[in-house]
Amino acid sequence: MPKTMRAALLDTAGAPEALRIGEIAYPDRVNAEFIVKVVASSVNPIDAKTRAGRGVFSAIHSFPVVLGHDFSGVVVESPYSAHPLRPGDEVFGMVMVPRLGGSYAEYIAVPSLSVVRKPATLSHIEAAAAPLAALTAWGMVVDVAKAHDGQRMLIHAGSGGVGHFAVQFASYFGAHVIATASGSKASWLRSLGAAEVVDYRTTRFEDVVHDVDVVIDLLGNVHDNTGSRSLASLRPGGLIVNAPTGSWPTFAEDTAAAGVRGTDYKVAPDGNTLGVIARLLESGNVRVHVDQIFELEQIADAHRAIESGHTRGKIALKVAEG
Ligand SMILES: NC(=O)c1ccc[n+]([C@@H]2O[C@H](COP(=O)([O-])OP(=O)(O)OC[C@H]3O[C@@H](n4cnc5c(N)ncnc54)[C@H](OP(=O)(O)O)[C@@H]3O)[C@@H](O)[C@H]2O)c1
């Protein structure tokens, strides 16, 4: 095993340029953990928020830190010799940063419950683009909102990393999906299963969308009070599930006053659910869309891209050949 590995490192909070490429120690494997050689990672908004000193930054107690929740790669060490995932197997999954070192690195140590066999039909780049965003979408749309036949579901930012999975899961389970996005993405979103697309640049969605059972809110009040305005689109007693939880401090009071149910949502690594998602990806029932691919050395550019807030699907990172 090498003694050190290449990684994108963060020494202190800052702008994208604060990320630098350097060498750190090869990870230690303990108990039921794998060592995975990372071929690809992906960039999520939480990475950029954390790098800037928000997100999970307050939980980082030693620097330099390695960010990056998603990985796809090859098993180097298994937890025990009879484990069904063997050295050389292709796997993907999600790690919880900063509790563990992140995937902007050549190797990671990761608990076995977070590691899943990579869908054979996906490249490492495609597989690495899926875990955090797809698990978030599944948690909000399937676990919390119980997507089902005939349910009317409004999904904000349907064209983003989480949103494009949310649209597909909701429509797979029979919901009538109304997505907000800019108009240029409407036909693509229809191809993913949206029944209606509202162009947020030209139309106030609350003027044309009424009596939905569920709002999947991936914007909160980050932009144009999208979260608060959504309360007018819900039927009485409907449900709003909010992911950018920090953007709407009066969420609980506002939903109660409007006579609807509201909950925030927090994603976690979950190999069982990711295994189900892997089967949907492998069969082609669900697709992952990679908008841009950056090399690990271009990590600052990848962060600038995610911070633009206008990604279609996901931004992936190539860490190694594979
Ligand atoms: N709590 C959790 O566990 C959790 C997990 C994952 C993500 N999140 C949070 O959820 C949010 C979404 O994450 P993501 O990865 O999906 O982000 P993303 O990929 O960066 O989302 C980008 C998309 O948002 C669309 N968009 C921007 N402004 C919009 C508006 N006003 N109306 C409708 N669509 C708009 C953009 O469409 P256009 O290009 O057409 O403008 C773009 O396609 C982030 O704040 C993230 O931190 C939370």
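Here the structure is a predicted model, which is why all the values come from computation and not from measurement. Both backbone and side-chain heavy atoms feed into the values below; hydrogens, waters and symmetry mates do not.
- Here the side chains of Thr263 and Val144 are in contact, with some heavy-atom distance below 4.5 Å.
- Phe294 and Phe71 fall within the same hydrophobic cluster, defined by Ile, Leu, Val, Met, Phe, Trp and Tyr side-chain heavy atoms under 4.5 Å apart, directly or through other members.
- Taking every heavy atom of both residues into account, Phe173 and Ala147 meet most closely at CB-O, 3.5 Å.
- When hydrophobic clusters are built by joining Ile, Leu, Val, Met, Phe, Trp and Tyr residues whose side-chain heavy atoms come closer than 4.5 Å, directly or via intermediates, Val209 is grouped together with Val215.
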Show me the donor-acceptor pairs within less than 3.5 Å that the side chains of residues 81-91 make with the rest of the protein, sequence neighbours left out.
from, atom 1, to, atom 2, distance (Å)
His83, ND1, Leu85, N, 3.0
Arg86, NH1, Ser81, O, 3.1
Asp89, OD2, Arg86, N, 2.7
Glu90, OE2, His124, NE2, 3.1

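- Under the salt bridge (charged side-chain N to carboxylate O under 4.0 Å, His left out) criterion, the residue pairs touching residues 258-270 are Asp264-Lys266, with sequence neighbours excluded.
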*asked:* Test salt bridge (Lys or Arg N to Asp or Glu O under 4.0 Å) on Glu282 and Arg117; report intermediate values, then the result.
replied: CA-CA 11 Å; Glu282 192 155 58; Arg117 198 177 291 281; over 6 Å; no
_The test is ring pair (Phe, Tyr, Trp, His ring centres under 6.0 Å); show your working for Phe92 and Phe34 and say whether it passes._
CA-CA 11 Å; Phe92 76 139; Phe34 282 88; over 10 Å; no
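- Shown here for Gly227 and Ile240, the closest heavy-atom pair between the two residues is O-CD1, 4.2 Å.
- The OG atom of Ser182 lies 4.5 Å from the CZ atom of Arg201; values are rounded to the nearest 0.5 Å.
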*Check step by step if ring pair (Phe, Tyr, Trp, His ring centres under 6.0 Å) holds for Trp138 and Tyr172.*
CA-CA 11 Å; Trp138 187 278; Tyr172 181 81; 8.1 Å; no
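- Atom CG of Asp301 and atom CD1 of Ile306 lie 13.5 Å apart (nearest 0.5 Å).
- In this structure, CG on Leu218 lies 8.5 Å from OG1 on Thr136, to the nearest 0.5 angstrom.
- Here OG1 of Thr273 is found 6.5 Å from CG of Leu135. Values are rounded to the nearest 0.5 Å.
- The CD1 atom of Ile35 lies 7.5 Å from the CG atom of Asp28; values are rounded to the nearest 0.5 Å.
- The shortest heavy-atom contact between Leu10 and Ala18 is CD1-CB, 3.8 Å.
- Residue pairs meeting the side chain to side chain donor-acceptor pair (under 3.5 Å) criterion with at least one partner in residues 228-246, sequence neighbours excluded, are His156-Ser230, Glu206-Arg229, Asp213-Arg235, Asp217-Asn242, Asn221-Ser228, Asp224-Arg229.
- For the pairing with Glu307, the salt bridge (Lys or Arg N to Asp or Glu O under 4.0 Å) check across Lys49, Arg54, Arg51 returns one residue only, Arg51.
- Judged by distance alone, the side chain of Thr180 and the main-chain N or O of Ala157 form a donor-acceptor pair under 3.5 Å.
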Donor-acceptor contacts, no H, no angles, side chain residues 93-115, under 3.5 Å, sequence neighbours left out:
from, atom 1, to, atom 2, distance (Å)
Ser103, OG, Ser41, OG, 2.9
Ser103, OG, Gly68, O, 3.1
Ser103, OG, Asp70, O, 2.5
Tyr104, OH, Asp47, OD2, 2.7
Tyr104, OH, His303, NE2, 2.9
Glu106, OE1, Arg6, N, 2.6
Ser112, OG, Ala32, O, 3.3

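- Thr255 contributes a side-chain N or O that, together with a main-chain N or O of Ala252, makes up a donor-acceptor pair within less than 3.5 Å.
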*Would Ile277 and Val286 satisfy side chain to side chain contact (heavy atoms under 4.5 Å, CB included), going step by step from the backbone distance to the final call?*
CA-CA 8 Å; Ile277 293 169; Val286 168; 5.7 Å; no
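- Looking only at distances, a side-chain donor or acceptor of Ser308 sits under 3.5 Å from a matching main-chain atom of His310.
- With hydrogens and angles left out, the side-chain atoms of Trp248 and Asp254 include a donor and acceptor closer than 3.5 Å.
- A side-chain donor-acceptor contact under 3.5 Å links Ser123 to the backbone of Glu126.
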Atom pairs and distances, donor-acceptor, side-chain atoms in residues 148-155, under 3.5 Å, two or more places apart:
from, atom 1, to, atom 2, distance (Å)
His148, ND1, Lys146, O, 2.8
Gln151, OE1, His148, N, 3.2
Gln151, NE2, Ala145, O, 3.0
Arg152, NE, Asp211, O, 3.2
Arg152, NH2, His210, O, 2.7

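- We find that Arg304 and Glu17 are joined by a salt bridge, their nearest charged nitrogen and carboxylate oxygen being less than 4.0 Å apart.
- Summarising the geometry of Thr50 relative to Leu67, their closest heavy-atom pair is CG2-CD2, 3.9 Å, with the distance given to 0.1 Å.
- When all heavy atoms of Gly193 and Val167 are compared, the closest pair comes out as C-CG1, 4.2 Å.
- Residue Leu281 is grouped with residue Trp188 when hydrophobic side chains (ILVMFWY) are merged at heavy-atom distances under 4.5 angstrom, including chains of intermediate members.
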*Should Lys185 and Val197 be marked as a side chain to side chain contact (heavy atoms under 4.5 Å, CB included) after you check the CA-CA gap, both sets of side-chain angles, and the distance that decides it?*
CA-CA 9 Å; Lys185 292 169 177 144; Val197 180; over 6 Å; no
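- Not a single donor-acceptor pair under 3.5 Å links the side chain of Arg190 to the backbone N or O of Ala194.
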*asked:* As a quick check of understanding, evaluate side chain to side chain contact (heavy atoms under 4.5 Å, CB included) for Val212 and Ile178, giving each step before the final call.
replied: CA-CA 9 Å; Val212 297; Ile178 306 161; 4.0 Å; yes
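- Between Tyr265 and Met140, the closest side-chain pair of non-hydrogen atoms falls below 4.5 Å.
- Looking at Leu9 and Ile21, their side chains never come closer than 4.5 Å, going by heavy atoms from C-beta outward.
- Residues Val214 and Leu192 share a single hydrophobic cluster, defined by chaining ILVMFWY side chains whose heavy atoms lie under 4.5 Å apart.
- Closest approach of Pro79 to Arg29, counting heavy atoms only: CA-NH1, 3.5 Å.
- Distance check, rounded to the nearest 0.5 Å: CZ of Phe205 to CG of Asp199 gives 13.0 Å.
- The backbone N or O of His289 sits less than 3.5 Å from a side-chain atom of His164, completing a donor-acceptor pair.
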Donor-acceptor contacts, no H, no angles, side chain residues 314-322, under 3.5 Å, sequence neighbours left out:
from, atom 1, to, atom 2, distance (Å)
Lys314, NZ, Ser42, OG, 3.1
Lys314, NZ, Val43, O, 3.3
Lys314, NZ, Asn44, OD1, 2.5
Lys318, NZ, Glu321, OE2, 3.0

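- Taking hydrophobic clusters as Ile, Leu, Val, Met, Phe, Trp and Tyr residues chained together by side-chain heavy-atom distances below 4.5 Å, Leu122 shares a cluster with Phe165.
- A donor and an acceptor atom, one from each side chain of His176 and Glu196, are located under 3.5 Å apart.
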